[in-house]
Novice: 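Pasting a structure below so you can have a look.
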Amino acid sequence: MTAIEALLERLGVGLDEQLLERALTHRSYAYEHGGLPTNERLEFLGDSVLGLVVTDSLFRTFPDLPEGQLAKLRAAVVNARTLAQIGRELGVGAALRLGRGEESTGGRDKASILADTVEALIGAVYLEHGMTVATGTVHRLVDRHVEESASLGAALDWKTSLQELTASLGLGVPMYVVTEDGPDHAKTFEARVALGDHLYGHGAGHSKKAAEQAAAATAYEELRTQAEAS
């Protein structure tokens, strides 16, 4: 089974060959091959579909939750960290069309690229099959993550949650190491959490704040697992 066949099997939806190819074409590949169409328009579309489906689901599932908490819960699901995790579960990395530069720097497992490609795939599903099928696809991909985030209750601000955890473990106050990449109009940020001489977690996003929240989430899980094992 090829990487693309495995991806489609996990996605659970068939896609037109050309549309799927577009969804998997990163701009680095497109630029190296004479300006081919990239997956960025599909990503834009998929981001809207994903946001609508998740928002609708949260609105109906938590009828008594105020708007601010709904927004935090949505942000805990619709972020680069969660989408990258979904991308890894789908096997997106192996199927990507990447340029040589991105290939050589680990682009197939870069959170921002995986997250964007998952959104592009959702956009492709919507474009070919319509909203009903796209809604079902989004639910299959994200419902488990919604449940996990909801189980945190009020602790949906990952940076606050992490600070409370590190205080309880006597590890001090988390600091964030943030790097940025890309042109001004399309920057991506990557963050890690520094505790003393150690770095924990990893997060990416289209803003510094989003990257820090995503890094805090992965660091929180990492430290909690360590604490439970000790």
Side-chain angles (χ1 to χ4, degrees), residues 26-28 43 47 50 71-94 96 98-99 101-120 141-142 144-146 148-149 151-230:
H26 186 256
R27 63 175 177 265
S28 61
E43 174 200 338
D47 175 68
L50 174 66
K72 287 182 179 180
L73 191 50
R74 179 178 61 192
V77 178
V78 184
N79 61 50
R81 180 189 69 88
T82 300
L83 293 177
Q85 184 178 340
I86 291 169
R88 294 184 183 104
E89 293 166 358
L90 292 173
V92 165
L96 277 169
L98 284 181
E102 284 291 355
E103 185 83 63
S104 65
T105 57
R108 291 192 183 277
D109 195 50
K110 189 177 289 186
S112 57
I113 293 177
L114 292 173
D116 290 347
T117 307
V118 168
E119 289 181 334
L141 296 179
V142 308
R144 174 171 61 85
H145 300 280
V146 172
E148 290 174 355
S149 297
S151 70
L152 290 168
L156 291 173
D157 181 338
W158 287 106
K159 291 178 71 173
T160 300
S161 299
L162 178 63
Q163 187 165 333
E164 292 172 351
L165 177 63
T166 57
S168 71
L169 297 173
L171 297 175
V173 178
M175 304 297 288
Y176 293 85
V177 180
V178 182
T179 58
E180 58 184 74
D181 188 31
D184 288 341
H185 68 280
K187 280 191 180 299
T188 57
F189 296 81
E190 298 204 14
R192 297 201 70 187
V193 176
L195 287 164
D197 296 330
H198 299 283
L199 291 175
Y200 297 89
H202 176 267
H206 293 300
S207 70
K208 181 180 176 182
K209 181 178 178 180
E212 288 179 349
Q213 285 285 353
T218 56
Y220 180 94
E221 293 299 330
E222 188 176 334
L223 288 169
R224 188 176 68 171
T225 299
Q226 290 179 6
E228 290 173 350
S230 61

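Owing to the predicted nature of the structure, the values given are computational and were not obtained by experimental measurement.
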Novice: Can you give each donor-acceptor pair under 3.5 Å made by side-chain atoms of residues 78-87, sequence neighbours left out, with the distance rounded to 0.1 Å?
Specialist:
unit_1	atom_1	unit_2	atom_2	d
N79	OD1	R81	N	3.1
N79	OD1	T82	N	2.7
N79	OD1	T82	OG1	3.2
N79	ND2	A75	O	2.9
N79	ND2	A76	O	3.0
T82	OG1	A76	O	3.3

Novice: Can you tell me how far the CD atom of Q213 sits from the OH atom of Y176, to the nearest 0.5 Å?
Specialist: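 Interatomic distance, Q213 CD to Y176 OH, rounded to 0.5 Å: 7.0 Å.
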Novice: For T166 and G172, indicate whether the former's side chain and the latter's backbone hold a donor-acceptor pair under 3.5 Å.
Specialist: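 Such a contact is found between T166 side chain and G172 backbone.
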Novice: Starting at OG1 of T218, measure out to CD of E221 and round the result to the nearest 0.5 Å.
Specialist: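 Answer for the OG1-CD pair, T218 versus E221, is 9.0 Å.
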Novice: Using the test side chain to side chain donor-acceptor pair (under 3.5 Å), find all partners of S28 that sit at least two apart in sequence or belong to another chain.
Specialist: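 Counting only residues at least two positions away or on another chain, S28 forms a side chain to side chain donor-acceptor pair (under 3.5 Å) with H26.
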Novice: Hey, could you give me the CG/CG distance between L223 and L162, rounded to the nearest 0.5 Å?
Specialist: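 Separation between the atoms: 6.5 Å.
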Novice: Tell me, with the steps shown, if V118 and L50 meet side chain to side chain contact (heavy atoms under 4.5 Å, CB included).
Specialist: CA-CA 10 Å; V118 168; L50 174 66; over 6 Å; no
Novice: Roughly how far, to the nearest 0.5 Å, is the CG atom of L114 from the CG atom of L90?
Specialist: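 L90 atom CG to L114 atom CG measures 10.0 Å (nearest 0.5 Å).
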Novice: Once salt bridge (Lys or Arg N to Asp or Glu O under 4.0 Å) is applied, do any residues pair with E212, and if so which ones, sequence neighbours excluded?
Specialist: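 Only K159 meet the salt bridge (Lys or Arg N to Asp or Glu O under 4.0 Å) criterion with E212.
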Novice: I'd like to check the salt bridge (Lys or Arg N to Asp or Glu O under 4.0 Å) partners of R27; sequence neighbours left out, ordered by chain and number.
Specialist: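 Expected list: E40.
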Novice: What pairs of residues pass the salt bridge (charged side-chain N to carboxylate O under 4.0 Å, His left out) test when at least one of them lies in residues 173-184, not counting sequence neighbours?
Specialist: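 Sorted result for residues 173-184: E180-K187, D184-K187.
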Novice: Show which side-chain atoms of residues 190-207 pair as donor or acceptor with protein atoms under 3.5 Å away, not counting sequence neighbours.
Specialist:
unit_1	atom_1	unit_2	atom_2	d
E190	OE1	H202	NE2	2.8
R192	NE	G201	O	2.9
S207	OG	A210	N	3.1

Novice: Give the table of side-chain donor-acceptor pairs shorter than 3.5 Å for residues 102-111, with sequence neighbours excluded, one pair per line with atom names and distance.
Specialist:
unit_1	atom_1	unit_2	atom_2	d
E102	OE1	K110	NZ	3.1
E103	OE1	R108	NE	3.3
E103	OE1	R108	NH2	2.9
E103	OE2	R108	NE	2.8
S104	OG	R100	O	3.3
S104	OG	G101	O	2.8
T105	OG1	G101	O	3.1
T105	OG1	E102	O	3.4
R108	NH1	G93	O	2.7
R108	NH1	L96	O	2.9
R108	NH2	L96	O	3.3
D109	OD1	R88	NE	2.7

Novice: Check whether any side-chain heavy atom of T188 sits under 4.5 Å from a side-chain heavy atom of I113, and report yes or no.
Specialist: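 The answer is no, as the side chains (C-beta and beyond) never meet within the 4.5 Å cut-off.
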Novice: Closest approach of R224 and L165, non-hydrogen atoms and distance?
Specialist: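 Where R224 meets L165 most closely, the heavy atoms are N-CD2, 4.0 Å.
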Novice: Holding to side chain to side chain donor-acceptor pair (under 3.5 Å), I want the full list of residues that pass it with T117, two or more places apart in sequence or in another chain.
Specialist: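 Expected list: none.
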